[in-house]
Amino acid sequence: MRIARFSIDGNVAFGAVEGDGPDGLVLDIIKGIPYADFELSGTKVPLSKVRLLPPVLPNKVVGIGRNYAEHAAELGNEVPDVPVAFFKPTTSVTGSGDAIEYPSFSDDVHYEGELAVVIGRMCREVPRERVKDVIFGYTCANDVTARDAQKRERQWARAKGFDTSCPLGPWVETDLDPGDLAIQTTVNGEQRQLGRTSEMIRSIEDLIVHITEAMTLLPGDVILTGTPAGVGPLHVGDEVAVTIEGIGTLTNKVIKRG
C-alpha cells in the first residue's frame, strides 16, 4: 500500500494512493493515523487536487554515511569499520514538489539519492529477527549536502542539516522488498546516479540493530540508508529527481534562499 500525507482545503490528512499513472491516481482518505490500525474512509480525492506533503513528520532523521563502497571511494574515503551515523533535524524535511533552498554559507551543494526507511512502532534494542516488525515502509530521500561545509567543519550538522536539506516522498510504500531496488537520480532530466540497494555495505537489518542499540526510534522516524556513487553539484534553477524502483519519484527544484 502507498500511504501519502497531503493537504486539501487547509486540512491535512493521510490517504492510500490508488490507481496507475499520474492522471489516474486518487487518494482514499484514512481514518486515524497509519501507524496504528486504520480504516479507509471511502472518500476519494484526485491526487491532482491536493498538495503532497512530506509523507511523515519524523521526530528524528538518522542518516548513514559511506554505506556504498563506490561512493566512499569517489570522495576519497575509506569504508568505515562501523556505520557512520548523523542526524538531520525535522526542520530539514520537505516534500516532493517543494523547493530546496540553496544555503547562503555554501557554494557546493550536492544531491544524494537514497532509500529511506520509515519506522512504524516505538522500538529499542531491536534483535535482527524482529527488524521487519518495526518497519512501516519505505520512501525516496535526497540527503542534500553542503559538501564544502562538510569538508571544513568537524561535525556535519550544518552541512547536512540546513533547512530543506531532507526531501522525502512522494509517499511511503508499505509492501516492498528493499533488498535489490534500482535507485536513480537525475538533474534536469540527465541521469547522474544509478545504483542498487543490494550494493549497500550494511543491510537495513544491520543499520536498525546498530541504531537502536543507542536510541529509541519512534513511529514516523526515518533512517537514510546511504547513497550510491555519482553524487555531484546542484545549482539554483536545477530540478533534481530521485526515483526508486517500486516506490516512485521524488522531485524538487533548487531555488535561492530568500
task: Check the pair Asp148, Asp107 against side chain to side chain contact (heavy atoms under 4.5 Å, CB included), reporting the backbone distance first and the verdict last.
output: CA-CA 7 Å; Asp148 46 358; Asp107 296 312; 4.0 Å; yes
Q. Salt bridge between Asp133 and Arg121, side-chain N to carboxylate O under 4.0 Å?
A. no
Item checked: Joint cluster assignment, Leu181 & Ile223, ILVMFWY side-chain distance < 4.5 Å -> yes
One thing to verify: whether Asp98 and Arg51 come together as a salt bridge, which I'm taking to mean a side-chain N less than 4.0 angstrom from a carboxylate O. yes
Asp238 side chain to Val254 main-chain N or O, any donor-acceptor pair under 3.5 Å?
no
Judged by atom type as modelled, is there a donor-acceptor pair below 3.5 Å linking the side chain of Asn188 to the main-chain atoms of Glu239? yes
Think Arg158 forms a cation-pi with Phe105, using NZ or CZ under 6.0 Å from the six-ring centre and within 45 degrees of its axis? yes
Would the distance check show the side chain of Glu245 and the main-chain N or O of Ala182 forming a donor-acceptor pair, the cut-off being under 3.5 Å? yes
* Checking Thr227 side chain against Gly113 main chain: does a donor-acceptor pair fall under 3.5 Å? -> yes
- Message: Any salt bridge linking Arg128 with Asp206? Criterion: basic side-chain nitrogen under 4.0 Å from a carboxylate oxygen.
- Response: yes
*Ile8/Val45 under side chain to side chain contact (heavy atoms under 4.5 Å, CB included): CA gap, chis, key distance, verdict*: CA-CA 9 Å; Ile8 184 170; Val45 293; 4.2 Å; yes
Does any N or O in the side chain of Asn142 come within less than 3.5 Å of the main-chain N or O of Ala241, such that one atom is a donor and the other an acceptor?
-> no
Okay, side chain of Arg5, backbone of Leu53: is any donor-acceptor separation there less than 3.5 Å?
no
Worksheet entry | Exam field: side chain Glu173 to backbone Tyr138, donor-acceptor pair closer than 3.5 Å | no
Next item on the list: Report yes or no: does Ser7 contribute a side-chain atom to a donor-acceptor pair with the main-chain N or O of Val12 at less than 3.5 Å?
Entry: no
Q) Got more than 12 heavy atoms from elsewhere within 6.0 Å of CZ, Arg257? A) yes
Thr197 side chain to Pro178 main-chain N or O, any donor-acceptor pair under 3.5 Å? yes
